[in-house]
Amino acid sequence: MFYLCNYSSPMGLITLASQQNKLVGAWIEGEKYFGYTINTQTEEKPNLAIFNSTKKWFDDYFSGKKPNLSQLKLAPNGSPFRQLVWEILCNIPYGKVTTYGDIAKQIALKTNQTSMASQAVGGAVGHNPISIIIPCHRVIGANGNLTGYAGGIDKKIQLLQHEGVDTTLFFVPKQGHLSTI
C-alpha cells in the first residue's frame with residue numbers, strides 16, 4: 001500500500017508518496033513520469049510522520065534555508081544503476097550544478113568501468129521519483145545546456161535561481177536552436 005498527500009509549493013502542487021514510513025515519491029504536478037513508481041493501491045493519509053517531515057523540509061527549502069537530506073527517510077524505487085545515479089545527485093551541493101558527463105565519470109569510477117554513457121545517466125536522472133529533494137534540477141548538459149528536467153525547463157530554471165545559481169550563463173534549447181535565457 002502506498003500513501004499519498006499533497007504539498008502546495010511555489011512550483012505548484014507536489015504529490016508525496018510513502019510506503020512503510022519512507023518517502024518514495026515527490027512529483028510536481030504535470031511532471032513527465034508522475035507517479036510511475038507506485039501501483040494503483042493508494043490511500044490519502046496527509047498526517048503521516050514522513051509527510052510531516054517532508055513538508056517541513058519543503059517549507060525550509062522554499063524559505064531559503066538549506067535543509068539536510070538526513071532528516072528524511074528516502075526510498076526511491078529503481079534499478080541498482082538508477083539508485084547509484086540518485087545517490088550521486090544527493091551529493092550535489094545546494095546552489096551548484098554538475099553535468100551528466102561528470103556523473104557518468106563518477107559512475108564509471110565507482111563501477112570499475114572505463115566509461116559510462118551520459119545518455120544512460122540522463123535516463124536515470126529524468127526518472128528520479130523524488131523531485132527537488134533528490135536534486136536532479138542541478139544537472140545540466142555539456143557546454144551549459146539546460147536540458148532534461150521532467151518537471152519542465154521553466155521549473156528547473158526557477159529552482160536553480162531559487163538556489164542562487166546564475167542561470168544567464170546557461171543555454172536553453174528553443175525549437176531546435178540554442179538561445180540564452
Side-chain angles (χ1 to χ4, degrees), residues 9-12 14 23-28 31-34 36-37 54 57-58 60-174 177-181:
S9 82
M11 311 298 331
I14 298 175
L23 189 69
V24 297
W27 297 279
I28 301 168
E31 190 170 316
K32 186 174 182 179
Y33 301 108
F34 189 97
Y36 82 97
T37 57
T54 301
W57 190 97
F58 276 126
D60 288 348
Y61 177 83
F62 286 117
S63 71
K65 297 176 185 172
K66 300 174 187 175
N68 192 321
L69 284 178
S70 66
Q71 69 192 66
L72 298 176
K73 294 177 184 173
L74 304 180
N77 185 15
S79 68
F81 175 75
R82 287 184 177 176
Q83 295 285 337
L84 182 55
V85 171
W86 300 335
E87 179 184 315
I88 290 170
L89 294 179
C90 288
N91 292 312
I92 304 170
Y94 181 99
K96 302 291 182 192
V97 295
T98 192
T99 67
Y100 297 98
D102 288 339
I103 293 172
K105 289 175 188 170
Q106 288 180 53
I107 290 180
L109 283 172
K110 287 183 179 228
T111 59
N112 295 318
Q113 297 180 24
T114 55
S115 66
M116 171 59 57
S118 296
Q119 293 82 357
V121 169
V125 170
H127 283 84
N128 167 23
I130 304 179
S131 295
I132 304 171
I133 296 170
I134 297 178
C136 53
H137 60 279
R138 296 179 188 154
V139 183
I140 62 172
N143 301 318
N145 296 327
L146 288 180
T147 61
Y149 191 63
I153 295 295
D154 59 327
K155 288 187 174 60
K156 182 174 193 162
I157 292 168
Q158 276 184 276
L159 290 165
L160 291 173
Q161 289 173 340
H162 171 74
E163 294 183 12
V165 175
D166 182 0
T167 57
T168 62
L169 303 174
F170 302 123
F171 295 95
V172 178
K174 191 172 186 178
H177 302 294
L178 294 178
S179 64
T180 57
I181 297 172

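Being a predicted model, the structure only gives us computed values, none of them experimental. When a residue number appears, it is its place in the shown sequence, counting from 1.
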Pairs under 3.5 angstrom only: tabulate donor-acceptor contacts from the side chains of residues 66-80 to other protein residues two or more places apart or in another chain.
unit_1 : atom_1 : unit_2 : atom_2 : d
Asn68  : OD1    : Ser70  : N      : 2.8
Asn68  : OD1    : Ser70  : OG     : 2.9
Ser79  : OG     : Arg82  : N      : 3.2

Side chains of residues 108-115: which donor-acceptor pairs under 3.5 Å do they make with residues two or more places apart or in other chains?
unit_1 : atom_1 : unit_2 : atom_2 : d
Thr111 : OG1    : Ile107 : O      : 2.7
Thr111 : OG1    : Gln113 : NE2    : 3.4

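- Shown here are the ring pair (Phe, Tyr, Trp, His ring centres under 6.0 Å) partners of Trp57, two or more places apart in sequence or in another chain: Tyr61.
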Subject >> Audit row: Lys32, Tyr149, side chain to side chain contact (heavy atoms under 4.5 Å, CB included) steps and yes/no >> reply: CA-CA 9 Å; Lys32 186 174 182 179; Tyr149 191 63; over 6 Å; no

Distance-only check: which donor-acceptor pairs under 3.5 Å involve side-chain atoms of residues 130-137, not counting sequence neighbours?
unit_1 : atom_1 : unit_2 : atom_2 : d
Ser131 : OG     : Ala26  : O      : 3.4
Ser131 : OG     : Glu31  : OE1    : 2.8
Ser131 : OG     : Glu31  : OE2    : 3.0
His137 : NE2    : Glu163 : OE2    : 2.7

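- Partners of Gln119 by side-chain hydrogen bond (donor to acceptor under 3.5 Å, both in side chains), not counting sequence neighbours: none found.
- The closest donor-acceptor contact from the side chain of Trp86 to the backbone of Ala124 lies under 3.5 Å.
- Listed by chain and number, the residues in a side chain to side chain contact (heavy atoms under 4.5 Å, CB included) with Asn91 amount to none (sequence neighbours excluded).
- Checking each of Ile92, Val85, Val97 against Val139 for a side chain to side chain contact (heavy atoms under 4.5 Å, CB included) leaves exactly one that passes, namely Ile92.
- Side-chain atoms of Asn128 never come within 3.5 Å of backbone atoms of Val125 as a donor-acceptor pair (strictly under, hydrogens ignored).
- Taking each heavy atom of Leu146 and Ile153 in turn, the nearest pair found is O-CD1, 3.3 Å.
- Counting only residues at least two apart or in different chains, ring-ring contact (aromatic ring centres under 6.0 Å, His included) contacts with residues 96-134 comprise Tyr33-His127, Tyr36-His127.
- For Ser9, the side chain to side chain contact (heavy atoms under 4.5 Å, CB included) partners two or more places apart in sequence, or in a different chain, are Tyr7, Met11, Ile14, Phe62.
- Put simply, the side chain of Leu89 does not reach to within 4.5 Å of the side chain of Arg138, judged on heavy atoms.
- For Thr99, the side-chain hydrogen bond (donor to acceptor under 3.5 Å, both in side chains) test picks out Asp102, with sequence neighbours left out.
- For Asp60, the salt bridge (Lys or Arg N to Asp or Glu O under 4.0 Å) test picks out Lys56, Lys65, with sequence neighbours left out.
- In terms of the side chain to side chain contact (heavy atoms under 4.5 Å, CB included) criterion, residue partners of Ala120 (sequence neighbours excluded) are, by chain and number, Phe81, Met116, Ala117.
- Legend: residues meeting side-chain hydrogen bond (donor to acceptor under 3.5 Å, both in side chains) with Asp166, ordered by chain and number and at least two apart, are Thr168.
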